[in-house]
Every structure is written in C-alpha cells, then in structure tokens.
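Encoded as structure tokens, the structure appears first; notes follow it.
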Amino acid sequence: MAESVKKYSKNEILEVTITDIGNDGEGIGKIDGYTLFIKDAVIGDTVRCKIMKAKKNYAYARLEEVIVPSEYRIRPACTISTRCGGCQIQSMSYERQLQFKQDKVRNNIVRLGGFDGDEIDSKMETIIGMDEPFRYRNKAQYPVGLNKEGKIVTGFYAGHSHNIIPSKECIIGIEENGIILDTIVGHMEANHISPYDEETGRGLVRHILIRKGFVSKEIMVCLIINYKGRNASGDYIPSQEQLCNKLSQIEGMKSISVSINTEKTNVIMGNEIHTIWGSDTITDTLCGLKFNISPLSFYQVNPVQTEKLYGTALEYAELTGNETVWDLYCGIGTITLSMSRKAREVYGVEIIPQAIDDARENARVNGITNASFYVGKAEEVLPRLYEEENIYADVICIDPPRKGCDQAALDTMLKMAPKRIVYVSCDSATLARDLRILVDGGYSIDKIRPCDMFSWSVHVETVVSLTLQDDKK
Ligand code: SAH
C-alpha cells in the first residue's frame with residue numbers, strides 16, 4: 001500500500017526545488033510526494049513559497065522568494081508580467097520556453113493519445129521558434145477605465161478578472177500603441193469624456209482596438225463606444241475632428257473608426273462600425289496573398305510565425321498541382337488560398353458567414369478562381385456533401401478551434417479517405433485525442449512540428465501530417 005502523504009495547510013511556508021512545469025506555465029515542486037504548484041516559479045529554482053489552497057495530495061502556493069535562481073530564470077522584460085493576465089512565463093528564458101512547448105506537445109500526444117514515446121520522438125521535428133520574440137502582435141485591444149484616484153487608465157486585465165492593470169507599453173505589441181493610447185486618453189481628459197463603467201453601464205469609451213499591417217505598415221484605430229447618440233455636430237465622440245487630426249499624424253495611420261457596443265457584455269466589439277477618418281480597411285500581405293482587414297475581420301495576430309506555420313502545413317501537404325484539397329475550419333481562407341496555387345481545386349468550410357464573405361473577397365482580390373467556400377459546421381457540411389454529392393479529397397487540411405474536431409467530421413474524413421491529412425492545432429490535448437481516432441481509422445503519423453506563435457505565454461501550435469496506410473487505400 002502507498003504510504004500516505006503528509007498534507008500541508010494554508011499559510012504554511014515551505015522551501016522547495018522546482019522540477020517540472022505545469023500546463024499553465026507554473027513551477028511544480030514536490031516534498032515527499034506532496035505536489036506544489038507555484039505560479040511564476042521557474043524550473044530549476046529553489047524557492048520559498050506560501051500555501052494558499054491545500055488539498056490532500058497537492059497545493060497551490062504563492063512564490064515568496066527565489067532562494068537559488070534557476071539557470072533558466074531571467075528578469076522579465078515587462079514590469080507588470082506577474083500581474084497581467086496576458087503572459088505566463090516571462091521569467092523563463094526564451095530557449096527554455098521553446099523546450100517546454102516541444103515537450104508539452106510530445107507528452108500530450110504520447111499520454112493523451114496513447115502513442116509509443118519512441119515512435120512519437122522519431123516523428124517530432126524541432127519547434128519553430130521566433131527570431132524576434134518581442135513586438136510580434138499586430139493587434140491589441142486595450143480596455144479603458146478609471147483607477148482608484150479617478151484617473152483614466154488603459155491597460156490589460158489581470159488574470160481571471162476585469163481589473164485593469166495600467167499599461168501603455170506591451171513588449172509583444174507594436175511600438176505605436178503607446179502614442180495612440182496617450183493621444184486618445186489625452187483627448188478624453190481634455191474633453192471630459194468618461195470611460196465606460198461595467199458596473200453602471202455608464203460612460204463612453206470601452207476599448208481601443210489597434211491593428212497594424214506588418215508588411216503594409218498601415219495602422220487602424222477603432223474606439224469601441226457605448227454610444228448614446230451623435231451630438232449636435234454629428235460626432236460620435238466629443239471634438240471628434242480634433243481627435244482624428246491628432247491621431248492621423250501618427251505615421252502609418254490609415255483608418256479611424258468607432259464600433260458601437262451598448263450591451264452589458266464581455267464581447268468587446270459591437271457589430272456597427274462607422275469610419276470617422278480615412279479608409280474603412282487596412283491591407284496587408286500574408287503567405288503571398290493580399291488581405292483587406294476591417295475592424296471586425298479575423299486576421300492572424302502573429303503574421304511572421306503564421307507564415308511559418310502555414311508554410312509548414314503547405315510543405316506537409318506535398319501538393320503537385322493536381323490535387324483536390326479540402327480545408328476545414330478555414331476562417332478567412334488563409335490556408336485554403338495559399339494551397340490553391342499548388343492544387344487543382346480547393347474547398348473551404350467555416351462556421352462564421354462573415355469570415356466566408358472575407359474568404360471569397362480575398363480569393364477575388366488575389367485573382368484566385370479555383371477556390372470555393374461553404375458556410376456551416378464542418379461536422380454538418382462535410383457529411384452532407386459526402387452523402388449528397390459524393391465529394392472527394394486528395395488532401396484534407398484542418399485547423400480547428402481549441403476543442404478540436406467533432407466526431408462526425410472525423411468519421412466523414414475517414415470515409416473520404418484522402419491520401420493525406422494535415423492537422424494544424426492550437427491545443428495539443430485535443431490534437432492527441434483526434435490523432436488517436438485518425439490512426440485507429442487507418443492513418444499513420446509522418447511528421448509533427450510545433451510552432452511558437454505566442455512567446456511568453458504557454459500556448460503552442462502544432463502541424464501534423466498523416467498518410468493513409470497502403471492496406472486501407
Ligand atoms: N486557418 C484559419 C483560422 C482557423 S481558426 C485562418 O487562417 O483564417 C479556427 C476556425 O474554425 C475559426 O475561424 C472558427 O470560426 C471556425 N470554427 C469553429 N467551429 C467550427 C465548426 N464546428 N465548423 C467549422 N468551422 C468552425
């Protein structure tokens with residue numbers, strides 16, 4: 001019989017060496033079989049910690065002091081790293097983060113998918129890291145509120161809350177964010193414009209959305225407002241022209257708009273958009289394709305790594321120019337369209353009608369004529385088309401949301417029996433589950449390659465290629 005483990009209790013102070021990293025990036029240490037999860041502790045650290053919540057075999061503890069720092073511990077580049085909900089592993093060196101993500105993908109596939117460790121190791125390629133892990137995000141959404149002294153602040157929400165941690169600077173965002181926020185906050189102060197208050201539903205400015213095309217250098221600003229009617233001069237914001245004059249002086253400014261959101265909701269954007277200066281959209285180039293981006297369009301937030309991720313998917317698809325390709329969960333068609341140039345015909349399926357409108361427009365803008373798109377759930381559209389039209393695929397590419405693929409979608413893919421499946425995943429746990437189903441259905445895994453799209457956070461993307469085994473053809 002296993003010896004019972006001593007249980008520790010709340011507020012106890014312990015010293016422990018961190019030997020592992022949890023799924024949320026927290027440090028994990030053990031004392032005689034009792035496990036401690038400690039946020040902001042880095043693997044290799046010896047720390048003093050205080051127990052916050054104790055269970056029978058484990059506890060969550062707070063980092064009190066780093067006694068001996070790990071060789072992987074670095075000074076966070078950002079001053080609010082431990083409070084802001086955006087990044088989790090800013091105290092870990094970038095090299096060690098990449099190793100953590102490589103291991104996370106590998107271990108999830110082995111443990112949750114029930115695969116042999118050595119076999120998976122032989123298929124894993126090295127994670128694609130970033131050459132420059134800072135300033136990679138082309139989009140930011142800053143909440144606007146008041147601090148305790150009644151001053152207007154913008155920043156980021158603390159983890160699991162709506163408390164704004166004031167910050168104008170974010171090391172993963174573009175440099176222009178700071179000046180844009182200063183300009184808007186300065187204008188609000190000068191004109192007595194109040195930020196929105198979630199409690200009372202009063203106040204005007206809720207969020208500030210900023211986007212930049214990294215190739216085009218064009219910038220878009222959208223103020224999300226709790227609109228109470230245009231004023232006598234037809235403005236959405238007091239002294240609107242003055243604000244636009246100031247913002248339009250910032251290099252690259254191309255589009256300024258407002259988005260109306262009067263709902264008491266966590267959804268940031270409202271669907272009604274009015275351009276108040278410049279163009280309705282900015283343009284950018286991604287994977288050799290031109291995109292028009294409106295405040296509501298979905299667009300990948302890390303364009304540099306997206307090109308590498310989707311480039312890997314394209315490489316894994318091994319297209320020769322004769323293939324019929326289906327791209328499920330296609331969004332605005334980035335993968336579909338980038339594959340269209342190397343395939344005979346491509347078909348995209350996506351649940352959001354607006355994204356499909358964008359995908360069709362993107363095909364048109366880029367002169368692509370061999371791409372067709374369907375609106376609907378992959379798990380409904382694919383089985384229906386298979387039953388009614390006996391659709392065929394040489395290659396199926398999938399890029400589902402975190403919850404992975406629905407069983408009905410996987411079943412139909414297995415019936416369609418394409419020679420190759422390329423799976424792009426943003427959650428290696430659901431990837432592992434789906435890989436098991438595809439392998440049991442007759443596919444074998446060829447290659448697995450993680451890709452880091454979000455440095456300083458625990459997220460990791462993965463591309464997997466699978467081939468239909470000979471006896472199943
Ligand atoms: N490759 C895409 C992004 C994929 S993100 C691009 O570059 O644009 C995952 C997409 O799956 C999202 O666009 C989401 O709207 C869509 N989606 C979510 N559930 C779906 C379902 N059941 N069927 C089809 N699409 C779905």
Side-chain angles (χ1 to χ4, degrees), residues 137-139 211 213-215 267 269 271 284-294 296-317 325-341 343 346-363 365-366 368 371-386 391 393 395-413 421-428 430-431 433-434 451 453-454 459-464:
R137 277 188 75 100
N138 59 13
K139 169 180 165 181
R211 280 179 139 171
F214 277 15
V215 175
V267 177
M269 300 296 295
N271 284 328
D284 201 25
T285 308
L286 184 71
C287 299
L289 300 158
K290 199 175 154 203
F291 289 93
N292 285 327
I293 307 154
S294 79
L296 291 176
S297 309
F298 173 85
Y299 190 63
Q300 291 284 348
V301 298
N302 181 339
V304 173
Q305 290 304 97
T306 298
E307 290 197 337
K308 295 182 191 165
L309 179 76
Y310 291 169
T312 306
L314 189 59
E315 176 200 318
Y316 281 8
V325 179
W326 280 78
D327 177 21
L328 308 182
Y329 314 90
C330 71
I332 59 166
T334 326
I335 298 181
T336 335
L337 298 177
S338 60
M339 290 198 173
S340 72
R341 294 179 165 163
V346 292
Y347 298 89
V349 181
E350 157 67 41
I351 196 169
I352 298 179
Q354 171 71 38
I356 289 292
D357 290 345
D358 285 351
R360 291 192 176 124
E361 174 65 8
N362 294 333
V365 168
N366 290 284
I368 292 167
S372 315
F373 294 93
Y374 295 88
V375 180
K377 291 183 180 171
E379 61 272 24
E380 289 173 7
V381 172
L382 204 65
R384 195 187 71 227
L385 292 174
Y386 182 72
I391 50 165
V395 176
I396 297 182
C397 181
I398 51 182
D399 185 7
R402 281 190 201 161
K403 69 175 197 270
C405 288
D406 193 274
Q407 183 73 43
L410 293 167
D411 287 344
T412 308
M413 284 164 62
I421 296 174
V422 178
Y423 196 138
V424 181
S425 161
C426 54
D427 185 325
S428 50
T430 56
L431 169 69
R433 178 200 68 201
D434 292 347
C451 177
M453 304 265 276
F454 306 105
H459 300 292
V460 55
E461 305 274 323
T462 311
V463 191
V464 180

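None of the values given here were measured: they were computed from a predicted structure. Just so you know, ligand 1 is whichever comes first in the structure, and atom 1 is the first atom listed for that ligand. The first residue of the sequence shown is numbered 1, and numbering continues consecutively from there.
Ligand 1 places these atoms under 4.0 Å from at least one heavy atom of G376: 23 (N), 24 (C). Of all the atoms in ligand 1, the ones that sit under 4.0 Å from a non-hydrogen atom of I332 are 8 (O). Set against the non-hydrogen atoms of T334, the atoms of ligand 1 under 4.0 Å away are 6 (C), 7 (O), 8 (O). Numbered from 1 in the order shown, with element, the atoms of ligand 1 that lie under 4.0 Å from a heavy atom of Y310 read 1 (N), 2 (C), 3 (C), 6 (C), 7 (O). Atoms of ligand 1 lying under 4.0 Å from at least one heavy atom of Q300, given by number and element, are 7 (O). Which parts of ligand 1 touch I352 is read off a 4.0 Å heavy-atom cut-off, strictly below it: atoms 15 (O).
Here the protein heavy atom with the shortest distance to atom 15 (O) of ligand 1 is E350 OE2, 2.7 Å. The protein heavy atom nearest to atom 17 (N) of ligand 1 is I351 CG2, 3.5 Å.
Side-chain contact between R211 and Y299: present, with at least one pair of heavy atoms (C-beta onward) separated by less than 4.5 Å. At least one side-chain heavy atom of Y347 sits under 4.5 Å from a side-chain heavy atom of Y374. Counting only heavy atoms from C-beta outward, the side chains of R402 and H459 approach each other to under 4.5 Å. Here the side chains of M453 and K308 are not in contact, with every heavy-atom distance at 4.5 Å or above. Counting heavy atoms from C-beta on, the side chains of C397 and M339 come closer than 4.5 Å. Here the side chains of V424 and I398 are not in contact, with every heavy-atom distance at 4.5 Å or above. Within the 4.5 Å cutoff, the side chain of E361 has no heavy atoms near those of the D357 side chain. Put simply, the side chain of F291 reaches to within 4.5 Å of the side chain of I332, judged on heavy atoms.
Looking at ligand 1, you won't find any N or O of P401 less than 3.5 Å from one of its N or O atoms. On a distance-only criterion, K377 and ligand 1 share no N/O pair closer than 3.5 Å. Considering backbone and side-chain atoms together, K403 places no N or O closer than 3.5 Å to any N or O of ligand 1. Considering backbone and side-chain atoms alike, A378 places an N or O below 3.5 Å from some N or O of ligand 1.
Under 4.0 Å from ligand 1, heavy atoms of D399 appear from its side chain as well as its backbone. Residue contacts with ligand 1, taken as heavy atom pairs separated by less than 4.0 Å, involve C330 solely via the backbone atoms N, CA, C and O.
Counting all heavy atoms, side chain and backbone alike, P383 lies closest to A378 at CD-O, 3.6 Å.
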